[in-house]
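One-based numbering along the sequence shown. In this text the structure is predicted, and so the values were computed from the model without any measurement. Hydrogens, waters and symmetry mates play no part in the numbers below; they use all other heavy atoms, side chains included.
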Amino acid sequence: MTKRIITISRQFGSGGRTVGKELAEKLNYKYYDREIIEKIAEESGFSQEFIEETEEKDTYRGLFNIGLLARDHRGMSVDDYIWEAQTKIIKEIADSGENAVIVGRCSDYILRDREDTIHVFVHADLKKRKRRVREKYGDREVSLEKRLKDKDKRRRVYYKFYTDREWGDVENFTMTLNSGELGIDNCVKLIEEAVNL
């Protein structure tokens, strides 16, 4: 059975977003990444800027402190409303009948029960991720290693909080790919082959 939906989870700096974009172009699939933020904004009523800030905040402080204190009459925090909108949108994309590549946003978990889906985790060693981030984003005041570790930590905590699963656990994925060793093009090729198995 051809797989209609491909979810891409990734370590920061591994090139997973690039893999997803190139794969979508090659397969002529619809590509969803930042486009989901636009849809969440429409669904939730929050601005795209606010949603992006919420995604980038210190997750420990945000989810466990502020999130527990700032709840509405249903017991939901702002993070919960964004999660709810995100879940609805990702399921709608999958149910639409179109072929799609969805990057991040716990899409592997949200679509875990679908048989027409491949779940991919893209990773690379720290040295190669540091080089990629430097080339793509340049140097900043915060060290590259700290940026990589902080971003991955936020993703890990967010994923655990909403899915109760471990981020990057191989058992959650159809395939895991080391982009540092395989390269972006080979990662795209391997996923493309898996789509038609």
Side-chain angles (χ1 to χ4, degrees), residues 3-14 16-21 23-24 29-123 150-169 171-174 191:
K3 304 296 185 181
R4 288 191 320 94
I5 309 292
I6 303 157
T7 69
I8 309 263
S9 302
R10 74 278 183 227
Q11 288 181 314
F12 182 55
S14 67
R17 175 176 283 140
T18 304
V19 168
K21 199 163 191 61
L23 181 67
Y29 277 29
K30 198 97 160 89
Y31 175 77
Y32 291 95
D33 182 9
R34 302 195 59 72
E35 296 79 0
I36 292 177
I37 292 175
E38 295 167 19
K39 290 178 179 287
I40 292 170
E42 291 170 18
E43 180 76 25
S44 68
F46 297 119
S47 71
Q48 291 181 43
E49 294 77 21
F50 178 78
I51 293 164
E52 288 172 358
E53 287 171 14
T54 301
E55 287 184 337
E56 294 301 315
K57 73 184 173 193
D58 181 332
T59 310
Y60 286 110
R61 188 177 65 237
L63 289 175
F64 296 112
N65 295 333
I66 296 170
L68 291 174
L69 297 174
R71 300 203 171 265
D72 69 3
H73 66 284
R74 291 172 49 198
M76 289 182 60
S77 68
V78 168
D79 297 293
D80 295 336
Y81 277 105
I82 291 172
W83 168 258
E84 195 173 77
Q86 172 178 293
T87 300
K88 180 176 183 269
I89 288 158
I90 289 170
K91 286 181 175 180
E92 285 172 354
I93 291 167
D95 290 340
S96 71
E98 70 182 3
N99 298 333
V101 174
I102 304 171
V103 176
R105 293 179 178 74
C106 302
S107 53
D108 63 289
Y109 173 80
I110 293 166
L111 302 178
R112 66 194 178 280
D113 296 326
R114 293 184 67 100
E115 291 186 14
D116 60 348
T117 306
I118 289 179
H119 304 292
V120 180
F121 188 81
V122 180
H123 58 97
D150 286 352
K151 189 88 160 178
D152 284 347
K153 180 169 114 179
R154 285 195 295 269
R155 288 178 180 173
R156 184 176 295 108
V157 171
Y158 180 84
Y159 189 87
K160 178 73 172 176
F161 186 84
Y162 281 105
T163 71
D164 201 30
R165 300 200 310 188
E166 297 301 322
W167 180 74
D169 185 338
E171 291 186 10
N172 299 331
F173 299 95
T174 312
I191 301 168

Main chain of Lys30, side chain of Glu98: is a donor-acceptor contact present, judged purely on distance under 3.5 Å? no

Considering non-hydrogen atoms only, spot the tightest contact between Ser44 and Ile51 and give its length. OG-CD1, 4.1 Å

Residues at least two apart in sequence or cross-chain that pass ring-ring contact (aromatic ring centres under 6.0 Å, His included) with Tyr29, listed by chain then number, are none

Between Ile5 and Ala94 the two heavy atoms that sit nearest each other are CD1-CA, 3.9 Å

What I want to check is whether the side chains of His119 and Thr7 have a donor and an acceptor closer together than 3.5 Å. yes

Taken to the nearest 0.5 Å, the spacing of Asn172 CG from Thr163 OG1 works out to 7.5 Å

Once the angle between the rings of Tyr162 and Tyr158 is folded into 0 to 90°, is it parallel (under 30°), tilted (30 to 60°) or perpendicular (over 60°)? tilted

Distance-minimising heavy-atom pair for Asp108 and Ser9: OD1-OG, 3.3 Å

Heavy-atom pair with the smallest gap, counting every atom of Ala85 and Ile40: CB-CG2, 4.1 Å

Atom CD1 in Ile6, atom CG in Leu111: separation rounded to 0.5 Å? 12.0 Å

The test is side-chain contact (heavy atoms from CB on, under 4.5 Å); show your working for Arg112 and Thr117 and say whether it passes. CA-CA 8 Å; Arg112 66 194 178 280; Thr117 306; over 6 Å; no

How long is the span from the CZ atom in Arg10 to the NE2 atom in His123, to the nearest 0.5 Å? 14.5 Å

For Asp95, the salt bridge (charged side-chain N to carboxylate O under 4.0 Å, His left out) test, sequence neighbours excluded, returns Arg114

State the CD1-CZ distance between Ile37 and Phe50, to the nearest 0.5 angstrom. 13.0 Å

With a 3.5 Å cut-off and no angle check, do the side chains of Tyr159 and Asp169 form a donor-acceptor pair? no

List the atom of Val103, the atom of Arg17, and the distance in Å for their closest heavy-atom pair. CG1-CA, 4.4 Å

Can you pull the salt bridge (charged side-chain N to carboxylate O under 4.0 Å, His left out) pairs that have at least one residue in residues 35-45, sequence neighbours excluded? Glu43-Lys88

Spacing of CD1 belonging to Ile36 relative to CD1 belonging to Ile90, to within rounding of 0.5 Å: 4.5 Å

Given side-chain contact (heavy atoms from CB on, under 4.5 Å), test Glu166 with Lys160 step by step and report yes or no. CA-CA 6 Å; Glu166 297 301 322; Lys160 178 73 172 176; 2.9 Å; yes

By ring-ring contact (aromatic ring centres under 6.0 Å, His included), Tyr32 pairs with (sequence neighbours left out) none

Rounded to the nearest 0.5 Å, what separates atom CG in Asp79 from atom CD in Gln86? 10.5 Å

Would you call the rings of Phe121 and Trp167 parallel, tilted or perpendicular if under 30° counts as parallel and over 60° as perpendicular? perpendicular

Those residues that, when tested against Tyr109, pass ring-ring contact (aromatic ring centres under 6.0 Å, His included) (two or more places apart): none

The salt bridge (charged side-chain N to carboxylate O under 4.0 Å, His left out) partners of Asp113 (sequence neighbours excluded) come to none

Are Asn99 and Lys3 packed together at the side-chain level, in the sense that at least one heavy-atom pair is separated by less than 4.5 angstrom? no

Looking only at heavy atoms, which two atoms of Val101 and Gly20 are closest? And how far apart? CG1-O, 3.7 Å

